[in-house]
Protein chains: 2
Amino acid sequence: MSGFIGVDWGTSNLRVWRFDEAGAVIGHRSGGKGIAAVTDGDFAGQLAPLIGDWADGATPIILGGMVGSRNGWLEVPYVACPADPAAIGGGAIPVETDLGPAWIVPGLSHLAPTGLHDVMRGEEVQIAGAGVMDGIVALPGTHSKWARLGGGTVLSFRTFMTGELFAVLKVHSLLGRLMVEGPADEAAFLAGVRRSLADPALSGLLFSVRTEGLFGGIPPEGLADYLSGLLIGAEVAQGMEDVSASVTIVATRALAGRYAVAVREAGAGAPAIIDGEAASANGLLALGRRILEND
Amino acid sequence: MSGFIGVDWGTSNLRVWRFDEAGAVIGHRSGGKGIAAVTDGDFAGQLAPLIGDWADGATPIILGGMVGSRNGWLEVPYVACPADPAAIGGGAIPVETDLGPAWIVPGLSHLAPTGLHDVMRGEEVQIAGAGVMDGIVALPGTHSKWARLGGGTVLSFRTFMTGELFAVLKVHSLLGRLMVEGPADEAAFLAGVRRSLADPALSGLLFSVRTEGLFGGIPPEGLADYLSGLLIGAEVAQGMEDVSASVTIVATRALAGRYAVAVREAGAGAPAIIDGEAASANGLLALGRRILEND
């Protein structure tokens, strides 16, 4: 059967796939420790239980994600944008292990005309797996990435700290005080999205989470969704740039659904949605084949 | 000597002034508990030690700040903008105490054409004390307020959560990880201010605190100042609206200096600077006289 093993190893997650010669997934597992929890440097020891029966010392292993960061198994230099799949594959670096011949996929960096640097690690695998040739790929999360692709090349990208902002504001700021847990409030979410799409300069909008609570404009159970809407609307307003571009969202269904609402509100067409795990598997397959062909 | 006692009672501060008949400050003290620390509801008991020798049961007492909030001594309804000093004074409500005849100054509310509500409590006293007839008064802080005045009337205002955003991002987010304490880094602050003045849509800029650290663009000791610059620049960009308006900054000297840099970078003239405590005293004097005349 030959083929190879793909590993998506992030800060808090570890997922593995066994691809056969034809690229079919013949095994998939998750578990083990994210790289943040590997404190003894024994990455091979963490990986072995998950892929032990697949790893025969000869089957190649392709790893992507934070495993290639400074705090990972081996620091793999970023590949600068514009970056096509050949450049990304070419930037992979072999890592020594008894489990089999192994390579770690590089992250991407981008230097915008404004002088702003940006970086990603792990999302480049999902972008490769999304299969978008021309258009925008949005990868919502703790640190959302919005990438622009042309001819299958990642031309540029930008990071938005939406997920982390939501978490710290909800838990640690005054804005969380009036919030009460409750079922999803789509109207509150949409109200937030509309406000920040109209005015993405967020710092003048955030206090409205408190005043909407004080004046009863949004019920306490809807205030978290309103804040989420403000943050996602501001992200979409900037990430879209051009509303005529096609947008593909890579995320879990629930999160992708929220972003799809905001993308449509921004005046763009309905976005394509790709499951994040499926994109990771597809990307490891596509980049892995390229790396192994070059080897 | 007659005159009256002014009290600035915020969430975490308590300051008192004794004004004589002519409006001169003949006594000033600070200490005691902010209203957040008064858990037994005994506000008079907290105030007595600070003004006991001034309070003779007949000398009027004028209180401003969060003491008039839901968690304060007595909830005083907001006065809606546009609000002139007569309307603010007219909204004061007497409070029962053996210390003397006492009134609490109301806060202000504003409903923007966008449907956004906003509120302030305490800053309206400082605005009254700044003595600005036409122009913008900026009151930087945890929740900064930018007020527009015309003919001495507060026409509108907007809140920016700059100080709180800085604190929660520094302490609780990934952005604080690379920061190292050090002397003030004016170049790093200015770099942040320039970036967010050019693009006040903050959520796409914040991640640069990390990448500037990773790529060595800003030294670790300057990253907190760079973040501060990003936040203050975004606030000034929105607060100014019209760069031809005169700006008066009410704050401590150190904080006002940072805002003055950003206001000049925005293309406006050098702002006037008024010390926050002086503005509180002047405002209590001005509003107190108005309240006592009407009484």
Side-chain angles (χ1 to χ4, degrees), chain A residues 11 69-70 78 109-112 114-120 142-146 158-162 164-165 167-176 191 194-196 198-217 230-235 237-239, chain B residues 11 69-70 78 109-112 114-120 142-146 158-162 164-165 167-176 191 194-196 198-217 230-235 237-239:
Chain A
T11 301
S69 71
R70 199 173 295 180
Y78 295 109
S109 66
H110 176 56
L111 177 57
T114 55
L116 282 181
H117 287 277
D118 217 325
V119 293
M120 64 166 64
T142 305
H143 300 153
S144 299
K145 311 286 178 183
W146 285 68
R158 194 164 179 188
T159 301
F160 300 88
M161 293 186 59
T162 302
E164 186 164 15
L165 272 172
V168 298
L169 289 171
K170 185 179 173 190
V171 176
H172 298 293
S173 88
L174 179 76
L175 301 185
R194 286 180 174 156
R195 284 215 165 116
S196 59
D199 177 9
L202 209 50
S203 65
L205 283 180
L206 289 174
F207 195 65
S208 70
V209 177
R210 179 157 182 82
T211 55
E212 288 292 351
L214 288 177
F215 287 87
L230 287 179
L231 293 169
I232 290 177
E235 177 187 337
Q238 297 169 81
Chain B
T11 302
S69 70
R70 199 172 294 180
Y78 295 109
S109 65
H110 176 56
L111 176 58
T114 56
L116 282 180
H117 286 276
D118 217 325
V119 292
M120 65 166 66
T142 304
H143 300 153
S144 299
K145 311 285 179 184
W146 285 68
R158 193 165 180 188
T159 301
F160 300 88
M161 294 186 57
T162 302
E164 186 165 15
L165 272 173
V168 298
L169 289 172
K170 185 179 172 191
V171 176
H172 298 292
S173 89
L174 179 75
L175 301 184
R194 286 181 173 156
R195 284 214 167 115
S196 58
D199 177 9
L202 209 51
S203 66
L205 283 180
L206 290 173
F207 195 65
S208 70
V209 176
R210 178 156 182 84
T211 55
E212 288 292 350
L214 288 177
F215 287 89
L230 287 179
L231 293 169
I232 290 176
E235 176 186 337
Q238 296 169 82

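All figures in this text were calculated on a predicted structure; none of them were measured in a lab. Each chain gets a letter, A, B and so on, in the order the sequences are listed, and its residues count up from 1.
Within the structure, every pair that satisfies the salt bridge (charged side-chain N to carboxylate O under 4.0 Å, His left out) test and touches residues 198-207 of chain B, not counting sequence neighbours, is listed here: A/Arg158-B/Asp199.
Only the side chain of A/Leu169 comes within contact range of chain B, judged by heavy atoms closer than 4.5 Å. Neither the backbone nor the side chain of B/Arg210 comes within contact range of chain A, judged by heavy atoms closer than 4.5 Å. Of the two parts of B/Leu116, the backbone and the side chain both hold a non-hydrogen atom closer than 4.5 Å to a non-hydrogen atom of chain A. Interface remark: A/Thr114 contributes backbone atoms only to the contact with chain B (heavy atom separation under 4.5 Å). Contact of A/Ser109 with chain B is made through the side chain alone, with heavy-atom distances under 4.5 Å.
For B/Ser196, there are no side-chain hydrogen bond (donor to acceptor under 3.5 Å, both in side chains) partners, not counting sequence neighbours.
With chain A as the partner, the residue from B/Pro200, B/Ser203, B/Ala167 showing the most heavy-atom pairs under 4.5 Å is B/Ser203. Comparing A/Leu202, A/Thr162, A/Asp118 by heavy-atom pairs within less than 4.5 Å of chain B, the highest count is held by A/Asp118.
Aromatic ring orientation, B/Phe207 versus A/His143: tilted (interplanar angle from 30° to 60°).
A/Ser173 approaches B/Glu164 most closely through the heavy-atom pair CA-OE2, 2.9 Å. When all heavy atoms are compared, the tightest approach of A/Leu214 to B/Val119 is CD1-CG2, 4.1 Å. Shortest non-hydrogen contact noted between B/Gly204 and A/Gln238 is N-OE1, 3.7 Å. Of all the heavy atoms in B/Glu212 and A/Gly115, the pair that sits closest is OE2-O, 4.2 Å.
Side chain of A/Thr211 to backbone of B/His117: a donor-acceptor contact under 3.5 angstrom is found.
Between A/Leu206 and B/Leu165 there is a side-chain heavy-atom pair separated by less than 4.5 Å.
Interatomic distance, B/Phe160 CZ to A/Leu205 CG, rounded to the nearest 0.5 Å: 9.0 Å.
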